[in-house]
Amino acid sequence: MDDFLAARSQMALSLGFHIIYACIGMVMPFFMAVSHYKWLRTGRPVYKDLTKAWSKGVAIFFATGAVSGTVLSFELGLLWPEFMKHAGPIFGMPFSLEGTAFFIEAIALGFFLYGWEKLNRWFHWFTGLVVGFSGLASGILVVAANAWMNSPAGFDFVDGKYLNVDPVAAMFNKAWFSQALHMSLAAFASTGFAVAGVHALMLLRNRQSEFHAKAFRIAAVFACIAALLQPLSGDLSAKDVAQRQPAKLAAMEALYRTERSAPLIIGGIPDDKTGQVHAKIEIPGLLSYMAHGEWQAEVTGLDKIAPADRPPVAVTHYAFQIMVGIGTLLMIISLVYFIALARKRSWLEKSWFLKLFVFAIPLGYIALEAGWVVTEVGRQPWIIYGVMRTADAVTPMPGIAWSFYLFSAIYLSLSLIVIFLLYRQIKMVPVLYSSGSSDLKKTH
Amino acid sequence: MEAVVIIFFCVSILLYFLLGGADFGAGIVELLTSRKNLSKTRKTMYHAIGPVWEANHMWLIIAVVILFVGFPSIYSAMSVYLHIPLAIMLIGIIARGTAFVFRHYDAVKDRMQQTYNRIFVYSSFITPLFLGIIAGSVISRHIDTGARNFADAYIWGWLNGFSISVGLFTVALCGFLAAIYLIGEADDAADRQRFIRKAKQMNLAAVASGCIVFVFAEQDGVPLRSWIFENPVGLSAITAATLSLVVLWYLLLRGKTRVLRILAGFQVTMILVAISYAHFPYFLRLKNGQDLSLYEHMAPEKTIQTLGVALLAGSLLILPFLGYLFYSFQRSAEDDGTA
Ligand code: HDD
Ligand code: HEM
Ligand code: HEM
């Protein structure tokens with residue numbers, strides 16, 4: 001494997017893992033806070049058990065999120081020193097604010113995990129909520145940094161020099177809002193469906209478990225609201241991309257030729273050599289409408305982009321199809337859920353209904369990773385769009401492939417252990433918590 | 001604002017050394033604890049660092065962020081030439097943080113615990129060792145930016161006697177900080193005695209490895225002696241450290257814990273001041289004789305302005321809570337002795 005490819009793969013791998021840990025770390029505290037609130041209000045032990053069980057999950061993922069994040073803050077330099085040398089002072093603002101958010105999060109988590117029976121009950125509840133909000137803030141901030149790479153702002157690029165640096169303008173670049181909104185919703189949708197699905201699985205085994213029923217309910221409501229909003233926010237993102245990165249939009253939709261009334265294609269196998277897309281379904285004019293809000297509008301195709309500046313079409317296109325496909329599916333599941341809540345309460349007990357959620361466990365995360373592949377691969381060959389090429393940013397040190405293999409092995413074993421731990425946590429629910437099962441009562 | 005940024009940078013390195021160091025040290029103490037006392041030590045240790053370890057490690061992130069936002073060319077040079085030790089340190093950080101949490105949160109306590117323990121103690125040793133190696137390489141003019149082959153550029157810059165001796169010294173200091181800290185957390189007299197003994201041993205180890213650092217400094221031409229002894233600040237700092245050593249041993253015999261902690265922290269701070277004052281603001285010293293100054297390699301003014309404001313505002317938000325966190329758990333530990 002050549003060093004440049006290895007560096008890109010290592011970055012993708014580390015971020016791919018971090019994002020999952022981070023999303024869980026930023027969403028679970030909200031679930032926890034809801035359940036904690038219900039415990040404080042109703043005094044029903046099931047909610048206390050649920051809060052405690054979830055808080056263990058949060059602690060595990062917070063630690064893995066924190067270490068994988070620490071690794072990232074070094075990897076930016078280890079892999080892309082030339083990029084960081086110039087970009088650091090410009091897009092660093094969100095990172096320095098993020099430091100504050102992390103710190104508050106870590107402190108609040110310390111209070112929350114070790115504060116049972118020690119702190120005032122509502123203050124204790126509040127610290128859990130602070131964990132959630134500061135996690136969300138870190139997510140938004142770091143995505144603003146990434147958005148800057150897509151939509152550079154806050155400096156003048158003159159003769160290869162970065163002048164008139166303005167970190168505040170860099171942070172509020174054109175892409176930050178649409179990306180941060182879409183990302184936050186994605187975090188809720190993906191983690192929500194995963195958590196709801198796991199508890200649905202447990203319910204399939206034991207319909208009587210109050211513990212899993214409550215857990216399912218809390219996670220599913222968050223997940224389904226987010227999944228309904230996700231396509232709306234995705235549409236906003238697409239309009240944004242069409243404006244600021246036409247090359248990315250063209251790759252997403254495998255649009256080889258600039259067209260008026262451009263069709264939206266579903267599926268299809270792009271062929272770079274002939275500029276054809278095989279086996280596709282076309283919806284006439286829809287792409288023009290999605291990108292520019294008019295059925296007739298002209299959409300820039302790859303033919304208008306210099307060959308050296310074109311992103312890899314196939315990867316970007318497939319990733320986009322996967323994300324949108326899953327997004328549509330999750331939206332349908334959410335509709336089913338709300339119909340069930342509103343008028344078909346009997347569905348909630350049915351096994352097809354629960355199986356639907358079990359099926360959705362991995363979907364959100366797959367869409368999440370696919371979405372990032374769209375964003376990152378679609379930006380290629382640029383690391384800072386239109387300003388610096390990724391190939392010029394990579395470290396001069398040879399042998400990065402070894403580092404990539406090593407880190408892959410580490411992340412792989414880490415995920416295996418995390419899955420193993422969670423499996424054990426869930427398996428132990430009936431033993432540890434009295435409300436975990438109706439027949440296994442245990443005092444503690 | 002330049003000064004604010006530099007002060008925050010130095011203070012976060014110092015705090016990482018003291019707090020994160022004590023945290024790593026707890027693993028080192030565990031590594032050196034005989035089997036029959038292990039479970040006791042582990043319990044005391046979990047109790048002592050459980051609530052605060054996340055916060056302790058934030059200082060590293062703050063320092064790195066300040067480095068890449070405020071001093072990007074220094075960050076980028078370090079990342080290139082110290083790639084290998086940084087990567088090893090990162091692996092240590094991953095292994096340690098996760099093992100610590102896993103062993104506590106694994107719902108079933110079985111043989112896996114031994115695996116977690118082993119990973120935890122070894123990575124508690126490796127990580128500060130490499131942090132020390134990195135620090136040693138940064139100041140010792142071993143890094144060769146003009147090197148033509150792989151080994152000269154990416155290996156000998158950090159794999160040398162001086163850097164390694166600094167690494168070992170760092171490990172000893174961490175163990176010392178942790179032992180002193182744990183004395184105050186011990187919940188019975190026997191436990192206490194054991195930590196006092198550990199503190200003495202680690203202190204001797206620190207003094208011994210400190211001497212080795214001097215030997216290698218002479219050999220590798222690092223002007224450590226003149227930095228410390230031919231400079232009034234260095235000289236007074238090292239004198240203060242030595243004097244406090246005497247007081248510390250006296251107190252160790254009497255067992256006054258709160259003063260001990262402050263004193264140990266003071267001592268380590270003085271050692272860091274003694275080592276770094278003379279070559280401040282030169283942060284990265286290269287083999288070709290070029291020394292990169294924090295002032296000359298600063299980010300553009302506007303960046304430093306906003307960074308400074310962000311740091312000041314952030315600390316206004318953070319410090320009261322952090323203080324309250326330490327205070328609450330200090331107090332509740334005194335109240336009940338169980339977690
Ligand atoms: C649960 C995850 C998930 C789901 C269901 C969707 N997305 Fe998404 N999408 C993401 C998760 C995601 C993401 C991983 O969060 C990305 C990557 C960067 C970003 O800001 O969000 C993303 C990026 C992203 C982009 C590129 C933004 C950019 O480069 O700035 C577009 C155009 C869309 N999405 C559009 C959609 C549409 C039209 C969806 C319709 C259903 C959709 N997404 C569902
Ligand atoms: C889209 C990408 C990212 C998102 C949404 C994200 C979000 C988060 C969140 C929510 C946390 C808190 C961890 C938790 O609660 O479990 C976290 C931790 C962390 N992230 Fe990321 N992050 C992203 C990418 C990055 C990148 C690129 C870096 C490095 C430059 C980074 C650095 C860190 C660090 C240092 C931590 C640890 C802080 C701690 O102890 O809480 N993250 N991230
Ligand atoms: C967390 C979700 C993210 C994922 C899954 C992700 C994924 C990827 C992928 C697949 C690549 C390789 C692209 C290629 O070379 O073709 C990449 C590159 C990169 N990403 Fe991300 N990314 C994420 C977020 C971020 C964020 C938040 C930042 C910075 C703030 C960032 C910075 C980079 C950098 C510097 C590179 C290397 C240069 C490049 O290939 O453009 N990424 N990422």
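Both backbone and side-chain heavy atoms feed into the values below; hydrogens, waters and symmetry mates do not. Bear in mind that the values here come from a model prediction, so they are computed numbers and not experimental data. Every chain is numbered from 1, with letters handed out A, B, ... down the list of sequences.
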State, yes or no, whether a side-chain contact exists between [X] and [Y] at a heavy-atom distance under 4.5 Å.
X: A/L421; Y: B/F102; result: yes
X: B/H83; Y: A/I400; result: yes
X: A/L78; Y: B/L90; result: yes
X: A/L414; Y: B/I94; result: yes
X: A/F103; Y: B/L319; result: no

At a 4.5 Å cut-off on heavy atoms, which part of [X] comes close to chain A: side chain, backbone, both, or neither?
X: B/V65; answer: side chain
X: B/F8; answer: neither
X: B/I318; answer: both
X: B/M89; answer: side chain
X: B/L317; answer: side chain
X: B/I304; answer: neither

Closest heavy-atom contact between [X] and [Y]?
X: A/P89; Y: B/P72; value: CG-CG, 3.4 Å
X: B/G97; Y: A/V67; value: CA-CG1, 4.1 Å
X: B/L307; Y: A/S96; value: CD1-CB, 3.5 Å
X: A/L97; Y: B/A310; value: CD2-CB, 3.9 Å

Would you mind checking which part of A/L406 comes under 4.5 Å of any heavy atom in chain B, side chain (CB onward), backbone (N, CA, C, O), both or neither?
side chain
Please flag which part of A/I410 lies under 4.5 Å from any non-hydrogen atom of chain B: side chain, backbone, both or neither.
side chain
Answer yes or no: are there more than 12 heavy-atom neighbours, outside A/Y423 itself, under 6.0 Å from its atom OH?
no
Determine whether B/I93 and A/V71 satisfy the following criterion, side-chain contact (heavy atoms from CB on, under 4.5 Å), listing intermediate values before the conclusion.
CA-CA 8 Å; B/I93 289 179; A/V71 170; 5.7 Å; no
Criterion side-chain contact (heavy atoms from CB on, under 4.5 Å) on A/F74 and B/L60, from CA distance to verdict:
CA-CA 11 Å; A/F74 283 94; B/L60 176 65; 4.1 Å; yes
Can any side-chain N or O of B/Y75 pair as donor or acceptor with the backbone N or O of A/K85 at less than 3.5 Å?
no
Under the side-chain contact (heavy atoms from CB on, under 4.5 Å) criterion, do A/F407 and B/I91 qualify, and how do the steps go?
CA-CA 8 Å; A/F407 275 91; B/I91 293 172; 4.2 Å; yes
Angle class for the B/F68/A/F91 ring planes (parallel below 30°, perpendicular above 60°, tilted otherwise)?
tilted
